[in-house]
Amino acid sequence: MAQKLFAANWKMHQAPADAAAFMRTFTDQYARQQDRRVLFFPSAVALHVVVQAIRERADLEAGVQNIHWEDKGAFTGETSGPLARAAGARHVLVGHSERRHVFGETDAETAKKVVAAFRSGLTPTLCVGEKLEEREAGETLTVVTRQLRAGFQGIEPEKLATAIVAYEPVWAIGTGKTATPQDAGVVHVAIRAELRAMMGERGGAVPILYGGSVNRSNVDALLAADEVDGVLVGGASLDAEQWLAIVRSA
Ligand code: PEP
C-alpha cells in the first residue's frame, strides 16, 4: 500500500522554542502509522530543533523551505543544499508559489534548485499551481504542465522517480479557499499523466500532494480525490492539535 504524505510548511513562523514545544506535543501524541509519513518544513533557524525531536522516528522527516542552486559561495542570506543536508534536512520545497510570486523565482531557477537538491541528497518537492487569472482563462493545465516540465528538465528518470510533486493552486494558498476535490482531482490526474510521460511506469509512484487551505474539516475529502497522495499544509500545520487531527485523518 502506498504511504500517504502529510507535509507541514511552517513558512516564516515557529521560533526554535515554539518548534521544540510543538514537536514535544506532537511526538508524545502521534504514534507511528505504517500507512503514512509526516514531513516538517520549519524555518532554517528551527531545523535543528525539529531534527533533534525526530531523530528516533523514521516516520517523521524534516526539510527546508528553499535552497540556493549553488553549493557554496558569497550568497548572503541563502542556504545551500549541502548546508541543509549537513544540518539534518532530507527534503526541500522547490518553487513554492511564494518563492515564485513574491520573490520572482522563475521556472529556470526552480530547475536549477531541483538539480541542486538531488546533488545534495535532498528530496525535492516541486510545487506547481496556477494563479486565479490563469484558472479563469482556462490555462490551469497549461501552466501546471509547463512548471512541471521546466522544473524537472534534464533529470534522469531514476532520480525523478524519487521526487515529490505538490499541486498548490495559488488562489487557494492562505486564503481559506480550497479547490473542490473534483477540481483537484482533474489536475492531479493530468500531473500523473505528465509524470508517466516523463519517466514511464515509475511516474505512477511519485507522490502528488495537494496544498491550499487544507484543514481538519476538508482533508478527508481532498485525500479521497483522484491521485491525491497527501497534503502540503501551511496555516493549519502551525497548531499542534490541528496538525495532529490532520495527520490522523483518512
Ligand atoms: C502552503 O504554504 O504550501 C500552503 C498550502 O499554505 P496554506 O495551507 O496556509 O494555504
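Cluster membership check: Val186 does not share its hydrophobic cluster with Leu222, using side-chain heavy-atom separations under 4.5 Å among Ile, Leu, Val, Met, Phe, Trp and Tyr. Note on Leu232 and Val219: separate hydrophobic clusters, where clusters join Ile, Leu, Val, Met, Phe, Trp and Tyr whose side-chain heavy atoms are under 4.5 Å apart, directly or indirectly. Hydrophobic cluster membership differs between Val228 and Leu93, with clusters built from Ile, Leu, Val, Met, Phe, Trp and Tyr side chains linked at under 4.5 angstrom. In this structure, Val128 is not a member of the same hydrophobic cluster as Leu5, with clusters built from ILVMFWY side-chain heavy atoms closer than 4.5 Å. Cluster membership for Val114 and Val64, using ILVMFWY side-chain heavy atoms within less than 4.5 angstrom, is shared.
For residues 132-141, the side-chain hydrogen bond (donor to acceptor under 3.5 Å, both in side chains) pairs, not counting sequence neighbours, are Glu130-Arg135, Arg135-Tyr167.
Here Asp220 contributes atom CG and Ser249 contributes atom OG; the two are 5.0 Å apart, rounded to the nearest 0.5 Å. Taking CD1 of Ile67 as the start and CZ of Arg85 as the end, the distance is 12.0 Å to the nearest 0.5 Å. Atom-to-atom distance recorded for Lys4:NZ and Asp35:CG is 7.5 Å, nearest 0.5 angstrom. Between Lys113 atom NZ and Glu70 atom CD the span is 11.5 Å, to the nearest 0.5 Å. Expressed to the nearest 0.5 Å, how far CH2 of Trp243 lies from CZ of Arg248 amounts to 12.5 Å. Taking CG of Leu160 as the reference point, atom CZ of Phe152 lies at 5.5 Å (rounded to 0.5 Å).
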Leu244/Glu241 under side-chain contact (heavy atoms from CB on, under 4.5 Å): CA gap, chis, key distance, verdict: CA-CA 5 Å; Leu244 279 160; Glu241 296 303 327; 4.1 Å; yes
Verdict with reasoning, Glu98 to Ile173, per side-chain contact (heavy atoms from CB on, under 4.5 Å): CA-CA 9 Å; Glu98 287 145 22; Ile173 298 181; 3.6 Å; yes
Chi angles and distances behind the side-chain contact (heavy atoms from CB on, under 4.5 Å) call for Thr110, Arg100: CA-CA 9 Å; Thr110 66; Arg100 292 179 192 269; 3.9 Å; yes
Check against side-chain contact (heavy atoms from CB on, under 4.5 Å), Ser237 and Asn9: CA-CA 7 Å; Ser237 73; Asn9 175 15; 5.5 Å; no
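Looking at Glu61, its side chain never comes within 3.5 Å of a backbone N or O of Phe40 through a donor-acceptor pair. In this structure, the side chain of Tyr210 engages the main chain of Ala179 through a donor-acceptor pair within 3.5 Å. The main-chain N or O of Arg216 is found under 3.5 Å from a side-chain atom of Gln242 such that the two form a donor-acceptor pair. With Thr25 contributing its side chain and Ala21 its backbone, the two residues share a donor-acceptor pair below 3.5 Å. A donor-acceptor contact shorter than 3.5 Å is absent between the side chain of Ser120 and the backbone of Leu122.
Listed by chain and residue number, nothing satisfies the ring pair (Phe, Tyr, Trp, His ring centres under 6.0 Å) test with Trp69 (two or more places apart in sequence, or in another chain).
Here the closest heavy-atom approach between residue Ser213 and residue Gly176 is recorded as OG-N, 2.8 Å. Scanning both residues, Val170 and Gly129, for their nearest heavy atoms gives CG2-O, 3.8 Å. Listed here is the closest heavy atom pair of Ala84 and Leu47: O-CD2, 4.1 Å. For Asp239 against Phe22, the heavy-atom pair with the smallest separation is C-CE1, 3.7 Å. For the residue pair Met23 and Trp10, the shortest heavy atom distance occurs at SD-CH2, 4.0 Å. Residue Leu126 comes nearest to Gly151 through the heavy atom pair CD2-CA, 4.0 Å, listed as atom of the first residue, atom of the second, then distance.
Among the candidates Val231, Asn218, Val214, the single residue satisfying the side-chain contact (heavy atoms from CB on, under 4.5 Å) test with Leu223 is Val231.
Within the 4.5 Å cutoff, the side chain of Glu168 has heavy atoms near those of the His96 side chain. In this structure, the side chains of Val115 and Ile155 come closer than 4.5 Å at one or more pairs of heavy atoms. Using a 4.5 Å cut-off on side-chain heavy atoms (C-beta onward), Gln14 and Leu238 make contact. Proximity of Phe103 to Asn66: side-chain heavy atoms (C-beta onward) are nowhere separated by under 4.5 Å. Between Ile54 and Val38 the shortest side-chain heavy-atom distance does not fall below 4.5 Å.
Sparse packing is recorded around CD of Gln153, with 12 or fewer heavy atoms of other residues, nucleotides or ligands lying under 6.0 Å away.
Under 4.0 Å is where a charged nitrogen must lie from a carboxylate oxygen, and between Arg99 and Glu109 no such pair does.
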Can you give me every donor-acceptor pair (side chain of residues 187-208, partner residue at least two apart or in another chain, under 3.5 Å) with its distance?
unit_1: His188; atom_1: ND1; unit_2: Glu227; atom_2: O; d: 3.0
unit_1: Arg192; atom_1: NE; unit_2: Glu227; atom_2: OE1; d: 2.8
unit_1: Arg192; atom_1: NH1; unit_2: Gly203; atom_2: O; d: 2.8
unit_1: Arg192; atom_1: NH1; unit_2: Val206; atom_2: O; d: 2.7
unit_1: Arg192; atom_1: NH2; unit_2: Val206; atom_2: O; d: 3.3
unit_1: Arg192; atom_1: NH2; unit_2: Glu227; atom_2: OE1; d: 3.2
unit_1: Arg192; atom_1: NH2; unit_2: Asp229; atom_2: OD2; d: 2.8
unit_1: Glu194; atom_1: OE1; unit_2: Arg149; atom_2: NH2; d: 3.3
unit_1: Glu194; atom_1: OE2; unit_2: Arg149; atom_2: NE; d: 2.8
unit_1: Glu194; atom_1: OE2; unit_2: Arg149; atom_2: NH2; d: 3.4
unit_1: Arg196; atom_1: NH1; unit_2: Glu201; atom_2: OE1; d: 3.3

